[in-house]
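Heads up: the structure comes next, in structure tokens.
Just the heavy atoms: all of them, side chains too, but no hydrogens, waters or symmetry mates, feed the values below. Here is how names work: the chains are called A, B, and so on, in the same order as the sequence lines, proteins then strands, and each is numbered from 1.
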2 protein chains.
Amino acid sequence: MLRPTTKDLAKEAGVSRATVDRVLNGRDGVKEKTVTRVNEAIAKLGFVRNIQAANLAKSQKYRFVFALPRSGDQFKDEIIRHIEEAGATFAEDLVWCDVHQIDENDPHSIAAFLTSLDPKTTSGVAIMAPETPQVRDAIYRLEQRGVAALPFISDQTTMKDHWVGMNNHSAGATAANLIGRFSNCAGGSIMIIAESMQSRDSLERRLGFDAEINENFPNLRALPSLETYGNPDRAQDIIESAFRNNSDLVGLYVLSSEARPPLSVVQELIGTTDLIKIAHERTPFTESALKSGNLDGIIAQNPGHLVRSAVRKLKANVDGRQAKGSQERIRVEVILRTNL
Amino acid sequence: MLRPTTKDLAKEAGVSRATVDRVLNGRDGVKEKTVTRVNEAIAKLGFVRNIQAANLAKSQKYRFVFALPRSGDQFKDEIIRHIEEAGATFAEDLVWCDVHQIDENDPHSIAAFLTSLDPKTTSGVAIMAPETPQVRDAIYRLEQRGVAALPFISDQTTMKDHWVGMNNHSAGATAANLIGRFSNCAGGSIMIIAESMQSRDSLERRLGFDAEINENFPNLRALPSLETYGNPDRAQDIIESAFRNNSDLVGLYVLSSEARPPLSVVQELIGTTDLIKIAHERTPFTESALKSGNLDGIIAQNPGHLVRSAVRKLKANVDGRQAKGSQERIRVEVILRTNL
DNA sequence: TTGTAAGCGTTATCAA
DNA sequence: TTGATAACGCTTACAA
């Protein structure tokens with residue numbers, strides 16, 4: 001039942017523990033033949049290294065920075081809250097988490113920030129920012145310098161599936177599915193409100209939404225996306241005019257992560273209504289809207305899970321491991337009044 | 001940035017590290033005054049013990065047993081699969097997981113098994129079994145002997161909120177909510193199929209279901225629960241007769257964790273239909289039923305999360321810690337065709 | 001290219 | 001009631 005140690009490996013391979021360590025960590029300056037012998041011993045004994053002991057010896061500590069947009073509302077607050085909570089949870093693994101605010105619309109300043117990170121003090125960064133050439137390059141250079149980088153919530157195409165966040169296509173499709181099924185017998189049009197359609201996330205949600213509507217709900221029609229650009233006056237104007245011009249509305253989909261600003265406008269404009277309303281992310285606002293019947297469903301990604309998954313992935317990266325499979329998939333959660 | 005160590009504590013309190021260790025671990029044979037001094041030093045320096053180093057020194061290993069019912073179908077298989085996966089994930093924390101099958105309907109044999117567990121080889125047990133006096137007592141004695149015990153999926157009232165599983169009242173209510181909203185304009189009755197209504201879990205789901213229907217869907221009527229007792233012939237009979245006697249059916253709720261047996265019977269009896277069907281737990285069967293339109297929604301608890309949460313809670317218990325809050329809440333998940 | 005020996009932060013076994 | 005001292009499994013100077 002006792003796992004073999006480096007001592008056992010050393011004996012088996014007829015070398016010292018220092019040499020075993022060199023092989024285990026891929027350091028060079030070891031004869032090819034010795035490497036082979038050690039590797040054979042590893043295979044033969046079924047050696048699994050004790051990471052905790054290794055960390056103890058190295059006095060390894062991890063400091064991770066979460067780079068989040070300075071703008072934002074309650075969803076951002078939730079994320080920050082969970083970063084703090086994760087800091088407490090992972091403290092025993094010698095992990096520290098910090099939040100750094102970035103200007104999401106200023107790629108140069110983001111790149112400058114990433115460039116300024118010192119591998120000596122920072123083990124990794126989780127980055128929530130839209131994809132731009134500057135940021136993409138900065139991430140690349142960061143990893144060259146030995147700082148782990150991980151796209152967070154906002155996708156970066158270059159990183160393939162190395163990122164943390166939910167499948168936005170599926171999220172949009174699920175919003176459409178809910179509106180379609182909840183409206184059942186009725187036909188009509190659906191208003192879609194976004195902060196901006198510039199980001200990949202928004203596009204994917206919209207694509208998923210349209211695909212689902214077109215495929216399964218022929219009597220529903222998704223209107224063009226209204227973009228608020230985070231401007232309350234503009235939001236007021238375009239939403240009001242959309243209500244005027246569409247008398248057959250049956251549903252409303254708030255596609256952006258921060259649901260409060262647009263939904264407040266809507267609530268003020270039309271008050272209670274039997275319009276079916278779906279929004280993203282669980283926050284104090286969406287939660288209470290759900291309870292009061294002002295919202296029919298929330299499509300959410302679990303903020304705690306997002307943060308912990310990011311920490312585990314960054315840590316695995318630093319340790320030179322692969323993060324474990326199914327745990328890291330971020331679910332597209334459906335939250336209704338009954339499963340708050 | 002460096003955390004204080006026992007060495008710092010010893011210096012601060014003017015004692016040796018051995019004494020610090022005694023105080024930290026609540027061992028006795030230390031003068032009251034010394035204890036106070038060490039505790040003051042802990043508070044003053046903000047000492048946080050390094051569990052990894054402690055485990056290394058103790059050569060601490062954790063062996064957890066999952067006691068699962070021998071009967072069961074695909075949901076049980078999913079659980080077992082995730083126990084194996086968790087075994088791999090937690091291997092680096094020196095955690096081993098084993099599965100042991102129990103006869104869920106034979107409380108004496110369950111109690112005997114629990115009694116047979118040796119604290120030397122077993123750190124804790126996660127128990128999935130209905131509550132009975134015998135099991136309750138065995139759990140109590142188990143904990144006296146220093147083996148951590150944790151009700152798993154099946155609730156045990158005596159353990160208060162020390163268990164792992166979803167809120168079954170909320171789960172039932174969510175099933176009702178979905179059927180209610182999906183059926184929208186239609187009124188009628190809802191068939192409810194359970195394996196048995198003996199267990200607390202079933203009762204709570206049923207209570208939640210009824211509460212939601214009564215409160216929010218006055219035009220719907222939940223029929224008495226059909227109990228299959230896990231017997232295919234009986235299932236066939238009672239389901240067939242229920243279909244005969246209720247011409248106004250609009251929905252069907254399979255309340256038990258294993259949905260395949262009853263749903264297979266239903267599929268054979270009525271084929272495709274526009275009856276709204278909701279079942280529990282994500283398995284290959286329910287997944288494919290959702291895809292093919294034979295099922296409208298799944299109410300699920302994430303099996304991987306269940307297992308990992310159990311491991312973390314047992315481990316925290318062994319370490320004499322409290323498990324961390326929000327991470328351990330098992331969500332009532334709603335799974336639709338679009339967010340599989 | 002390899003080995004020796006000290007050290008990481010805790011616990012355990014003695015002896016005092 | 002306390003304190004030395006040696007582990008635990010691994011890394012890391014420094015020496016050979």
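Residues in residues 124-141 of chain B take part in these salt bridge (Lys or Arg N to Asp or Glu O under 4.0 Å) pairs, two or more places apart or across chains: B:E131-B:R136. Pairs of residues two or more places apart, or lying in two chains, that qualify as side chain to side chain donor-acceptor pair (under 3.5 Å) and include a residue from residues 306-319 of chain B are B:Y62-B:D319, B:S309-B:E328, B:R312-B:E328, B:D319-B:R321.
Taking 4.0 Å as the cut-off between side-chain N and carboxylate O, A:E78 and A:R81 count as a salt-bridged pair. The pair B:R3-B:D8 fails the salt-bridge criterion, with no side-chain N (NZ, NE, NH1 or NH2) lying under 4.0 Å from an Asp/Glu carboxylate O.
Between the side chain of B:E333 and the backbone N or O of A:E333, no donor-acceptor pair lies under 3.5 Å.
Along DNA chain C, the stretch of nucleotides lying under 4.0 Å from any heavy atom of chain B spans, 5' to 3', C:dG9 to C:dA12.
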Just distance, no hydrogens or angles: give the donor-acceptor pairs under 3.5 Å from side chains in residues 115-129 of chain A, sequence neighbours left out.
from   : atom 1 : to     : atom 2 : distance (Å)
A:T115 : OG1    : A:A111 : O      : 2.7
A:S116 : OG     : A:F113 : O      : 2.6
A:D118 : OD1    : A:K120 : N      : 2.9
A:T121 : OG1    : A:D118 : O      : 3.3
A:T122 : OG1    : A:R63  : NH1    : 2.8
A:S123 : OG     : A:R63  : N      : 2.7
A:S123 : OG     : A:R63  : O      : 3.4

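Residue B:T19 places at least one side-chain N or O under 4.0 Å from the OP1 or OP2 atom of D:dG3.
As a whole-Å value, the separation of B:D28 CG from D:dT2 P is 12 Å. The separation between B:E32 atom CD and D:dT2 atom P is 11 Å, rounded to whole Å.
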Give each protein N/O atom lying under 3.5 Å from an N/O atom of nucleotides 10-14 of chain D, with the pair distance.
from   : atom 1 : to    : atom 2 : distance (Å)
D:dC10 : OP1    : A:N50 : N      : 3.2
D:dC10 : OP2    : A:T6  : N      : 2.5
D:dC10 : OP2    : A:T6  : OG1    : 3.1
D:dC10 : N4     : A:R17 : NH2    : 2.3
D:dT11 : OP1    : A:N25 : ND2    : 3.4
D:dT11 : OP1    : A:R49 : NH2    : 3.0
D:dT11 : OP2    : A:D21 : OD1    : 2.2
D:dT11 : O5'    : A:D21 : OD1    : 3.0
D:dT12 : OP2    : A:R27 : NH2    : 3.3

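Note on A:V15: only backbone sugar-phosphate atoms sit closer than 4.0 angstrom, heavy atoms only; bases stay farther off.
The two residues B:K76 and B:R70 come nearest to each other via the heavy atoms NZ-O, 2.8 Å. Here the closest non-hydrogen pair linking A:P303 and A:I79 is CB-CD1, 3.9 Å.
At most 12 heavy atoms of other shown residues, nucleotides or ligands fall within 6.0 angstrom of atom CD in A:E32.
The distance from atom CD of B:E12 to atom CD1 of B:I42, rounded to the nearest 0.5 Å, is 11.0 Å.
The C1' atoms of five pairs define one axis at each end of the helix from C:dT1-D:dA16 to C:dA16-D:dT1, and these two axes lie 40° apart (to 10°).
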